[in-house]
Structures are given as structure tokens and as C-alpha cells.
Protein chains: 2
Amino acid sequence: MDDIDRALVLRLQQDAGQSYAALGTAVGLSAGATHERVRKLRERGVIRRTTVDVDPAAVGSGVLAYVMVDSNAWMGESGDDFAAIPEIQEAHIIAGSASVLVKVRTASTEQLQDVLRRLYAIDGVSGTHATVVLETFFERPLPL
Amino acid sequence: MDDIDRALVLRLQQDAGQSYAALGTAVGLSAGATHERVRKLRERGVIRRTTVDVDPAAVGSGVLAYVMVDSNAWMGESGDDFAAIPEIQEAHIIAGSASVLVKVRTASTEQLQDVLRRLYAIDGVSGTHATVVLETFFERPLPL
DNA sequence: CATCAGACCGAACATAGTTCGGCAAAACTT
DNA sequence: AAGTTTTGCCGAACTATGTTCGGTCTGATG
């Protein structure tokens with residue numbers, strides 16, 4: 001994981017569709033060597049997969065909210081329960097007063113309410129505190 | 001934006017590296033027609049870009065925290081101020097007691113503290129409340 | 001000093017991306 | 001309802017890229 005690897009990851013985050021030749025030129029390598037570097041980055045798990053970035057509003061997920069989930073039990077094994085709710089995009093165990101923080105995307109606030117209802121149905125969940133996002137400044141890749 | 005488009009976006013989210021031929025077979029189209037569909041999805045902005053999913057811990061961002069930022073002024077024009085802090089991965093204006101919610105990734109809690117210091121330096125910021133993530137259950141693409 | 005392992009280059013070969021003419025179905029027009 | 005236009009698709013040609021491989025160099029190891 002040297003400077004060249006970091007440069008490769010950075011450029012792939014910006015555009016994973018470019019050719020190995022272009023990528024190689026940018027970092028000072030041949031296409032073949034670049035290919036080999038990227039292959040190893042995938043093998044090591046640094047690069048998990050290549051994906052596309054989708055406009056949420058265009059696919060019926062125009063409402064974004066973060067929900068603090070309070071509980072009266074240990075939630076460490078409840079990952080699957082949260083994963084079963086498709087509108088939940090992220091779920092984290094957190095330090096602090098609540099015990100789980102989830103990121104939810106829905107088409108409407110009515111559907112958001114329905115997600116909250118399903119959250120309450122999870123074992124150990126004693127309360128929720130939803131924060132609705134009014135405007136997103138930006139969402140961007142990791143710094144390098 | 002019909003069922004085929006949704007199927008294409010779904011499959012591209014899972015693996016943007018597969019061939020148009022494979023993608024076409026999966027949805028019942030030829031490679032050429034698939035190519036044209038995906039081109040239009042990009043043109044319309046439904047697909048914003050193709051990127052790679054990187055393991056944060058592998059690139060020196062093992063600490064994740066969400067920070068509620070309180071303010072005593074209108075923050076609607078301060079997007080650039082938040083964008084100037086590279087460790088901030090997302091920044092949103094929110095409804096509720098705080099006015100901005102940011103997602104921060106750093107290598108250490110010391111660096112997290114330094115980010116908080118830089119947040120305080122932004123015009124109008126009157127306080128912060130950081131929530132450190134202990135474990136991430138999952139982070140996944142949008143539902144379709 | 002000799003040997004070994006790792007990384008790179010450049011060229012060959014295989015595969016996929018991209019374009020295009022022709023066709024058919026659907027959507028307007030009159 | 002018939003004509004006309006538009007849209008979307010197929011399949012094949014053409015172009016570009018991915019992928020592999022032998023040979024070379026460099027730095028590390030013993």
C-alpha cells in the first residue's frame with residue numbers, strides 16, 4: 001500500500017470506468033502493471049467491488065432520515081433484524097445514549113413512518129428518534 | 001424508467017464490472033440494447049458515476065463518527081466550509097435541534113478531535129455533539 | 001557475491017465496448 | 001382507420017480494452 005496504490009484507489013473512486021492505460025499514464029505505470037496492482041488491491045480487500053453511484057431521488061428514495069434507536073437490551077446480535085428492513089441503508093452500533101444509528105431512505109414521509117413502526121417491532125427496541133434531512137450538501141468518497 | 005432499467009441499475013450496483021452481454025442476458029436484452037439503456041441512464045443522471053467501494057480501515061479511516069453541529073446562524077450557504085474538511089464524508093442540513101449533521105472518518109480519535117476543532121472554526125457553529133460508531137452492521141446500496 | 005523474489009515493460013492474444021443498418025412495434029397525426 | 005414518426009431492439013462489423021506472458025531490472029536475502 002504505497003503512494004501509487006493510493007493514487008490508483010483515488011482515481012478509481014472518481015471513475016472506475018477508465019482504461020488501465022489511462023490509469024497507468026496518470027500514475028506512471030504501464031497498462032499491464034496497473035492491471036496487476038489493481039488486481040492485488042481487490043485480492044487484499046482494499047477494493048471491495050466496483051459499483052455505480054445512483055441518484056436516490058431518481059429511484060424513488062427522495063426522503064433521507066437518520067434514526068437513533070434506543071434499546072433496553074444488548075443489540076450486538078441484531079444486525080440481521082435491521083438488515084431485514086430494505087429501506088435501511090446503514091446500521092451502526094454507537095457509543096452514547098442511543099444504541100443503534102440507522103440511515104433510512106424512503107419515497108415519502110409516510111413510508112418513513114412505516115419504517116419506524118417496523119423498527120419498534122425489533123426485539124429490544126424501546127424507542128426511536130428520527131432526524132429528517134432537509135438538504136444534502138454533499139456525499140463523497142473517502143479521503144486519501 | 002421501467003422494470004428493465006431498475007433491474008439494470010440493481011445489477012450494476014452489485015457489480016459494475018460485468019460485461020454488457022452478461023447484463024443483457026440477465027434482463028433479456030442484447031448487448032447493444034443494454035449498452036444504449038445504460039448510456040441513457042447515465043445521461044439522465046440516474047447513474048451518476050461508476051466507482052469502487054473501498055475498505056475504510058485499509059486506507060487509514062478506521063474511526064467513524066456522526067457529528068451533530070449546532071449553530072446560531074443560517075447554515076444554508078455553508079456547504080463549502082464543510083467540504084473544506086476532507087475527513088467529512090457527508091454533510092446534511094437537518095430538521096430538529098441541531099442544524100447540520102456530518103459523517104466523519106478519521107484514522108484515530110485524536111484526529112477526530114482535530115476535526116471537531118475545525119468544525120468549531122466554521123462561521124456560525126456554536127457547538128458539536130459527536131457520536132462514535134463502535135461497530136458497523138452494514139452499509140449497502142439503495143433498495144430498488 | 002550469488003541467488004531469489006517482486007515489479008515492471010511491451011507485445012501478443014482474447015474479450016468486450018461501441019457503432020450502425022435494418023426491422024418491428026408503439027405512439028402520435030390527420 | 002390509415003399513414004407517419006418515433007422508439008427500441010437485434011445482430012454483425014469494427015474498434016478499443018482487458019489480460020496474459022516472457023524477459024529484464026532492482027532490491028533484498030543469505
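Bear in mind that the values here come from a model prediction, so they are computed numbers and not experimental data. By convention in this document, chain letters (A, B, ...) are assigned in the order of the sequence lines, proteins followed by strands, and residues within each chain are numbered from 1.
Listed by first and then second residue, the ring-ring contact (aromatic ring centres under 6.0 Å, His included) pairs that reach into residues 86-129 of chain B are A:Y66-B:H92, sequence neighbours excluded. The stretch residues 95-116 of chain B participates, sequence neighbours left out, in no ring-ring contact (aromatic ring centres under 6.0 Å, His included) pair at all.
Summarising the geometry, atom CZ belonging to A:R6 is positioned 5.5 Å from atom CE belonging to A:M1; distances are rounded to the nearest 0.5 Å. Taken to the nearest 0.5 Å, the CG atom of B:L8 stands 8.5 Å off from the CZ atom of B:R11. Between the CD1 atom of B:I93 and the CZ atom of B:F82 there is a distance of 8.5 Å, given to the nearest 0.5 Å. Atoms CG and OG1, from A:L101 and B:T131 in turn, are 7.0 Å apart once rounded to the nearest 0.5 Å.
A donor-acceptor distance shorter than 3.5 angstrom exists from the side chain of A:T106 to the backbone of A:S108, with no hydrogens or angles considered. Between the side chain of A:T34 and the backbone N or O of A:S30 there is at least one donor-acceptor pair closer than 3.5 Å.
Evaluated for a salt bridge (Lys or Arg N to Asp or Glu O under 4.0 Å) with B:D55, the options A:R42, A:R48, A:R44 yield exactly one hit, A:R48.
The closest side-chain heavy-atom distance from B:D15 to A:R49 is not below 4.5 Å.
Checking the phosphate oxygens (OP1, OP2) of C:dG6, no side-chain nitrogen or oxygen of A:K40 falls inside 4.0 Å.
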Annotated protein contacts, base or backbone, on nucleotides 14-20 of chain C with a non-hydrogen cut-off under 4.0 Å, one of B, S, - each: --SSSB-
Given A:K40 and A:E43, is the salt bridge (Lys or Arg N to Asp or Glu O under 4.0 Å) satisfied, shown in steps? CA-CA 5 Å; A:K40 284 181 181 168; A:E43 188 180 78; over 6 Å; no
Checking B:R37 against B:D2 for the salt bridge (Lys or Arg N to Asp or Glu O under 4.0 Å) test, could you report, in this order, the C-alpha distance in whole Å, the side-chain angles of both residues, the deciding distance, and whether it holds? CA-CA 11 Å; B:R37 286 253 192 180; B:D2 57 9; 2.9 Å; yes
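Mapping heavy-atom proximity under 4.0 Å, the span of DNA chain D touched by chain B runs 5' to 3' from D:dG8 to D:dC10.
Residues of residues 42-51 of chain B having a heavy atom closer than 4.0 Å to DNA chain C: none are found.
Side-chain contact of A:S71 with A:S99: a donor-acceptor pair under 3.5 Å is present, judged by distance alone.
An end-to-end axis angle of 40° holds for the helix from C:dC1-D:dG30 to C:dT30-D:dA1, taken from five base pairs per end and rounded to 10°.
B:G24 comes within 4.0 angstrom of nothing in the nucleic acid, heavy atoms only.
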